[in-house]
2 protein chains.
Amino acid sequence: MTTDARANLDVGRREILDAAAVEFARSGYAATTIDAIAERMGATKGRVYHYYRAKSEIFADIVSAGMQELIDQIAPIAASADVSSLDRLWRMAHHHAALMMTRNSFQRVAIQSVEMVRQHAAAPSLADTIALRDTYEQLFADVISQGVADGYLRDVDPRQATKPVLGALNWITVWYDPERDSADGTAAINGVADAYADFVVNGLRRIHS
Amino acid sequence: MTTDARANLDVGRREILDAAAVEFARSGYAATTIDAIAERMGATKGRVYHYYRAKSEIFADIVSAGMQELIDQIAPIAASADVSSLDRLWRMAHHHAALMMTRNSFQRVAIQSVEMVRQHAAAPSLADTIALRDTYEQLFADVISQGVADGYLRDVDPRQATKPVLGALNWITVWYDPERDSADGTAAINGVADAYADFVVNGLRRIHS
DNA sequence: GTCTATATGTGGATAGAC
DNA sequence: GTCTATCCACATATAGAC
C-alpha cells in the first residue's frame with residue numbers, strides 16, 4: 001500500500017468515526033444502525049463497509065481514540081515537575097472534566113465501552129482499550145499517591161481513590177448535552193470544570209480542623 | 001378482579017422483575033432478550049408475555065421500583081430533625097452507596113434508564129420515573145442547601161452540587177460486581193460506603209485553613 | 001470507491017393448543 | 001396460566017453493478 005493510499009484510507013475512516021461517535025453517543029451501541037451513521041455522512045451503507053468490516057470495529061476505534069486523547073493530554077500534566085502534587089491533581093481533574101464536555105461524543109462512547117467490557121458480551125476488539133484505561137487510571141493513582149506522601153491528602157488507597165474521582169468526573173457525560181449547552185461556550189465549561197476539580201480534590205484532602 | 005387474583009398477578013410480575021433486573025443489569029436493555037429473562041425463571045416467553053405486554057414495560061417497572069426504593073429509604077434520613085445537616089448528608093450518601101451494592105441489579109437498571117431517557121429514543125413508559133428521580137435529587141439539594149446555610153459547606157449551588165455527589169456514588173454500579181465481590185460481605189460494603197460518604201461530604205465542605 | 005439490491009439471522013410479539 | 005409454533009420487522013453484512 002502506498003503512502004497516499006494509506007492517507008486516503010485514514011481520511012475515509014476518520015469521517016466515519018466522527019459520524020459514528022455522534023450516533024453512538026446519542027443512541028448507544030445496539031440502537032445505532034449503520035444506516036444512521038451513513039445517513040449522517042450523506043452516504044449509504046456501502047461506503048461504511050468499504051472502510052470497516054464490522055460495526056464493532058468502528059466502535060472500538062472510537063473508544064481507542066477517546067482514551068488516547070485523554071492519555072495524550074493528561075499525562076503531560078501529571079508529569080509537570082514544577083507543580084505540586086495537589087495542583088497537578090487539580091489540573092488533571094479540571095482538564096478531564098473539560099474534555100468530557102468539549103469532546104462529548106467520543107468521551108461518551110468511551111464511557112459506554114466500560115459497560116460493554118463489563119458485560120463480557122460484545123467485547124471482542126475492545127480488549128486493547130482495557131489496557132489504555134488502566135494506564136490512564138494509573139496516572140491519577142500515582143499523583144494521588146504522591147499527594148498522600150506529601151501530606152496534602154488523607155491516607156487513602158490510591159487505586160481505590162481514583163474511583164469516586166473519575167466517577168464524579170465521568171458522570172458529566174451523562175447529564176451534559178452538547179446541543180442544549182452549546183450556547184454556554186468555553187467560559188461556562190471552564191466554570192463547571194473549576195467546580196468539579198475543587199470537588200474531587202477537596203474530597204481527598206486532609207482535613208485541618 | 002378479586003383481591004386474590006391481584007395478589008397472584010403481583011407475585012407473577014415480581015418473579016419476572018427479579019429475573020429481568022439481573023439480565024438488564026448484566027447485558028443492557030437492547031441486548032437482553034425475553035428468552036433470556038424467561039430462561040432465568042425456568043420458563044418460556046409465554047409466561048413473561050402473560051404478565052407483561054412489552055419488554056419496555058418490564059424495564060420501566062424495574063426502574064420505578066429502584067427509584068422508589070431509594071426515595072423510601074433516603075427520605076427518612078433527610079428528614080431526621082435531631083441530626084445536623086452535615087451528618088444527614090453523610091448518612092444519605094452512605095446509604096445510597098450501600099444500596100448501589102446491595103441492590104445492584106435494580107440500581108444498575110435505574111442508572112441505565114438515565115441514558116435511555118436522555119436518548120429520547122425508547123422512553124415511552126419511562127416518563128413517570130423522571131419525576132421520581134427529580135424528587136430524589138431534590139432531597140440531596142435541600143440538605144446541601146441547609147448545609148450551606150449552616151456554614152458547613154462551601155457556597156455552592158445546591159442543585160448543581162448534587163451532580164458530582166450522585167455521580168461519584170452512582171458510579172459504584174459501574175465497577176461493582178455482585179458476583180465477584182459477593183464474598184466481601186457487609187463489612188466490606190460498609191467500608192466502601194464509608195469512604196464514599198467521606199469523599200462526597202468533604203468535596204463540598206468549607207475549607208478551614 | 002460508492003452505490004443498490006439482497007441474503008440472512010435474530011428477537012419482539014402474537015395465536016392458539018393444552 | 002403456561003406452553004409451542006409462528007409471524008414479521010428490522011438491521012448486519014455481502015454481492016455485484018456502475
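Throughout, a chain's letter reflects where its sequence line sits, starting with A, and its residues are numbered from 1.
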Check whether Y152(B) forms a cation-pi arrangement with R205(B) (NZ or CZ under 6.0 Å from the six-membered ring centre, at most 45° off the ring normal).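 The answer is no; the distance or angle limit is not met.
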Report yes or no: is the cationic atom of K163(B) (NZ for Lys, CZ for Arg) under 6.0 Å from the centre of the six-membered ring of W171(A), at an angle within 45° of the ring normal?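 The answer is no; the distance or angle limit is not met.
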By the 4.0 Å heavy-atom rule, please label Y51(A) as base, sugar-phosphate, or nothing.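 Sugar-phosphate, no base atom in range.
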For a side-chain contact (heavy atoms from CB on, under 4.5 Å) check, start with the C-alpha distance between F24(A) and S105(A), then their side-chain angles and the critical distance, and finish with the verdict. CA-CA 8 Å; F24(A) 283 138; S105(A) 296; over 6 Å; no
Of all residues at least two apart in sequence or in a different chain, which pass the salt bridge (Lys or Arg N to Asp or Glu O under 4.0 Å) check with D35(A)?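 So D35(A) forms a salt bridge (Lys or Arg N to Asp or Glu O under 4.0 Å) with K45(A).
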Could you tell me, to 10°, how much the axis swings from one end of the helix from dG1(C)-dC18(D) to dC18(C)-dG1(D) to the other, five pairs per end?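 Between the axes fitted at each end of the helix from dG1(C)-dC18(D) to dC18(C)-dG1(D) lies an angle of 0°.
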Could you pull out all residues at least two apart from [X] that satisfy side-chain hydrogen bond (donor to acceptor under 3.5 Å, both in side chains)?
X: D198(B); result: W90(B)
X: N8(A); result: none
X: E23(B); result: R40(B)
X: R47(B); result: E15(B)

Which parts of residues 13-23 of chain B get close to DNA chain D, meaning a heavy atom less than 4.0 angstrom away?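 Of all residues in residues 13-23 of chain B, none places a heavy atom under 4.0 Å from DNA chain D.
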Identify, between K55(A) and H50(B), the residue whose nearest nucleotide on DNA chain D lies closer to the 5' end.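 Here H50(B) is the residue nearer the 5' end.
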Distance in Å, I58(B) CD1 paired with I37(B) CD1, rounded so as to fall on 0.5 Å steps: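 With rounding to 0.5 Å, CD1 (I58(B)) is 4.5 Å from CD1 (I37(B)).
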Side-chain donor-acceptor pairs under 3.5 Å in residues 66-79 of chain A, sequence neighbours left out?
unit_1	atom_1	unit_2	atom_2	d
Q68(A)	NE2	D72(A)	OD1	3.3
E69(A)	OE1	R103(A)	NE	3.2
E69(A)	OE2	R103(A)	NE	2.7
E69(A)	OE2	R103(A)	NH2	3.1
Q73(A)	OE1	H95(A)	NE2	2.5

Please verify the inter-ring angle class for F199(A) with F199(B); under 30° counts as parallel, over 60° as perpendicular, anything in between as tilted.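 The arrangement is perpendicular - the two ring planes meet at more than 60°.
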Set of side-chain contact (heavy atoms from CB on, under 4.5 Å) partners for S80(B), sequence neighbours left out: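 Partners of S80(B) under the side-chain contact (heavy atoms from CB on, under 4.5 Å) test: D82(B), V83(B), R88(B).
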Under the rule for ring pair (Phe, Tyr, Trp, His ring centres under 6.0 Å), what residues qualify as partners of Y51(A), not counting sequence neighbours?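 For Y51(A) there are no ring pair (Phe, Tyr, Trp, His ring centres under 6.0 Å) partners, ignoring immediate neighbours.
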Scan residues 33-48 of chain A against DNA chain C and write down, sorted by residue number, each residue with any heavy atom closer than 4.0 Å; if none is found, say none.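 Listed by number, they are A43(A), T44(A), G46(A), R47(A).
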First and last nucleotide of DNA chain C in contact with chain B, 5' to 3', at under 4.0 Å to a heavy atom: what are they?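 Under 4.0 Å from chain B, the extent on DNA chain C is dG11(C) to dT14(C).
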